[in-house]
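The structure appears right after this line, and notes come after that.
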Amino acid sequence: MASCWLIKSEPDEYSWQQLVKDGETQWTGVRNYAARNNLRSMATGDPVFFYHSVKGTEIVGIAKVIKAHYPDPTSDNPAWVAVTVAPFKAIPQPVTLSTLKQDPFFADMDLVRQGRLSVGKVSAKEFRRICRMGGLTT
DNA sequence: GCCAACGTTGGC
DNA sequence: GCCAACGTTGGC
């Protein structure tokens, strides 16, 4: 069973729309150990929520890991890793952070509990529920 | 190895 | 623009 994840990006830096346009992108530049450990745990094919931080503060799409972790090409330090992701599905009705915060079901989610973590884990239950809230049947 | 100071992220 | 949360750094 695949694990589910969430990655954050400021839309001014790199948006979901840009990912769709690019077709795929290398997720580089993570310089936090907890986030790095999550990157390392990702497997090819894992679904990844794409969250817009600062502007929007909502989950706008689902990406997929198409290449598992490798040394981050933007760093000389082999401790840092990157993955490659591709867009999978847009979320018809983006799910906002405030919506998630209002629902105790999501109280344990990395996104809610640890606001600054840029790469977080999502449980299968949380994943399905967010998909449904976003207007996806899967 | 503790902890104060400082820097950064990101919600509001 | 403010500030809370948290990570990192460096003095001791």
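In the text below, chain A, chain B and the rest are named by the order of the sequence lines, each starting its count at 1.
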Looking at every strand, decide which applies to [X] at a 4.0 Å heavy-atom threshold: base, sugar-phosphate, or nothing.
| X | value |
| --- | --- |
| A:Glu10 | nothing |
| A:Leu97 | sugar-phosphate |
| A:Lys55 | nothing |

- [ ] Indicate whether the side chain of A:Arg128 and that of A:Ser123 have a donor and an acceptor atom separated by less than 3.5 Å.
- [x]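 Looking only at side-chain atoms, A:Ser123 and A:Arg128 do not form any donor-acceptor pair under 3.5 Å.
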Open item on the list: Do A:Asn38 and A:Trp5 pair up side chain to side chain, a donor and an acceptor below 3.5 Å, judged on atom types alone?
Closed with: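 The criterion, which ignores hydrogens and geometry beyond distance, is not satisfied for A:Trp5 and A:Asn38.
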- [ ] Measure centre to centre between the rings of A:Trp27 and A:Phe50, then say whether the value is under 6.0 Å.
- [x]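 Yes, the ring of A:Trp27 comes within the 6.0 Å limit of the ring of A:Phe50, centre to centre.
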Task: Ring-ring centroid check A:Tyr70 A:Trp80, cutoff 6.0 Å - done: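 Ring centroids of A:Tyr70 and A:Trp80 are no less than 6.0 Å from each other.
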Task: Outermost DNA chain B nucleotides near chain A [under 4.0 Å, heavy atoms] - done: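 Going 5' to 3' along DNA chain B, contacts run B:dG7 to B:dC12.
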Task: A:Met133-A:Ile91 co-clustered via ILVMFWY side chain contacts under 4.5 Å - done: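 A:Met133 and A:Ile91: one cluster.
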